[in-house]
Each structure stands twice: as structure tokens, then as C-alpha cells.
Amino acid sequence: AWNIYSFAVPIVQQFFGISPGAHKKIVGINPQMPSSWNDAALENVMVGDNMISIYFKREGKQETLTVTQSATDWTLELGAEYNPGVEYEFLEGNVSQGEDGVLRSSDQKVVLRKHFP
């Protein structure tokens, strides 16, 4: 059990950027994939009574992030804040930016594309 823990925690927290806030029904998603990874997925991660799946794809100077969740009474927080110089395109789902700069959605599926300069 300890071997899988030391392998899985860095992948879930660092690469896929999952930060659970189950007591508030919030799941932070802020992936930081290694530059050599162009495709990655993590499916069916339980956070409280919600199940999260994340799909990441990099093509040239753009990254597409698809996040699904099983519950609609939870909030997804996508990225730490809106990054200057990066263009965001919301392909699916309702996403709003709070006064704190955090992108949020309660939809069951959110697709976000980032275009880097």
C-alpha cells in the first residue's frame, strides 16, 4: 500500500493538480504536466460523494483540459487564476471568473482550451 501511495499522490496532486475541498464541496483542478507529456488522463477519482475525471491534451501552443464530475452541487475551480498573456477558450460548460480571478463551474462537464503566446 505504501508503494502505490508514494507513486499516486504526486501524480494526482502535482501533475493533475487535484486539490480536494470536500468539506466545502469544491475541487481545485490546476494541472502542471511535464513538457514531454502531450496526452494524459486520470479517471474516476473519488472526492467525497463526487467522482472526477480529467483529460489533458497538448498540441503545439495550446492545451485542452476536459474535466467531468458526477455531482452538480460541487464547484470546480479551474486553475489558480487567469494567467496574463494566455487566451482562454471555453468549449463546453458554463465557466465564470470570480473577483479573485479563479475560474469556477458547477457543470458536469467543462472543456477549456488555453492558447499560449
Subject >> Inter-residue atom distance L42.CG - S53.OG, 0.5 Å rounding >> reply: 7.5 Å
Subject >> Heavy-atom side-chain proximity of Q32 to Q14 below 4.5 angstrom >> reply: yes
**OP:** Test W37 against every option in F16, F15, F56 by the ring pair (Phe, Tyr, Trp, His ring centres under 6.0 Å) rule and name the one that passes.
**Re:** F15
Original post:
Is there a side-chain contact between L76 and Q69 (heavy atoms, below 4.5 Å)?
Top reply: yes
Original post:
About how many Å separate NZ of K25 and CG of D73, when rounded to the nearest 0.5 Å?
Top reply: 3.5 Å
Subject >> Sidechain-backbone polar pair: N50 side chain, A71 backbone, donor-acceptor under 3.5 Å >> reply: yes
Subject >> Closest heavy-atom pair and its distance - I18, P20 >> reply: O-CD, 3.7 Å
Original post:
For the atom pair CD (E63) and CE (M33), what is the distance rounded to the nearest 0.5 Å?
Top reply: 8.5 Å
**OP:** Among K114, R58, K57, R113, find the residue that satisfies the side chain to side chain donor-acceptor pair (under 3.5 Å) test when tested with T64.
**Re:** R113
Original post:
Say you draw a straight line from CD of E77 to CZ of R104; how long is it, rounded to the nearest 0.5 Å?
Top reply: 4.5 Å
Original post:
Is there a side-chain contact between W74 and V47 (heavy atoms, below 4.5 Å)?
Top reply: yes
**OP:** Check whether any side-chain heavy atom of V67 lies under 4.5 Å from a side-chain heavy atom of Y55, and answer yes or no.
**Re:** no
**OP:** Please check if the side chain of D100 supplies one atom and the backbone of V102 the other of a donor-acceptor pair under 3.5 Å.
**Re:** yes
**OP:** Taking the side chain as every heavy atom from C-beta outward, state whether V111 and L65 have any atom pair closer than 4.5 Å.
**Re:** no
Subject >> Hydrophobic cluster membership, F116 vs L103, 4.5 Å side-chain cutoff >> reply: yes
Original post:
With hydrophobic residues grouped by side-chain heavy-atom distances under 4.5 Å, do V86 and F90 end up in a single group?
Top reply: yes
Original post:
Can you hop from I29 to V95 via hydrophobic side chains spaced under 4.5 Å?
Top reply: yes
Subject >> N/O donor-acceptor pair under 3.5 Å between S70 side chain and M51 backbone >> reply: yes
**OP:** Using a 4.5 Å cut-off on heavy atoms from C-beta on, say whether the side chain of T66 contacts that of I54.
**Re:** no
Original post:
Got a sec: does the CG of N94 have more than 12 other heavy atoms crowding it under 6.0 Å?
Top reply: no
**OP:** May I ask you to test the T72-D107 pair for a side-chain heavy-atom distance under 4.5 Å?
**Re:** no
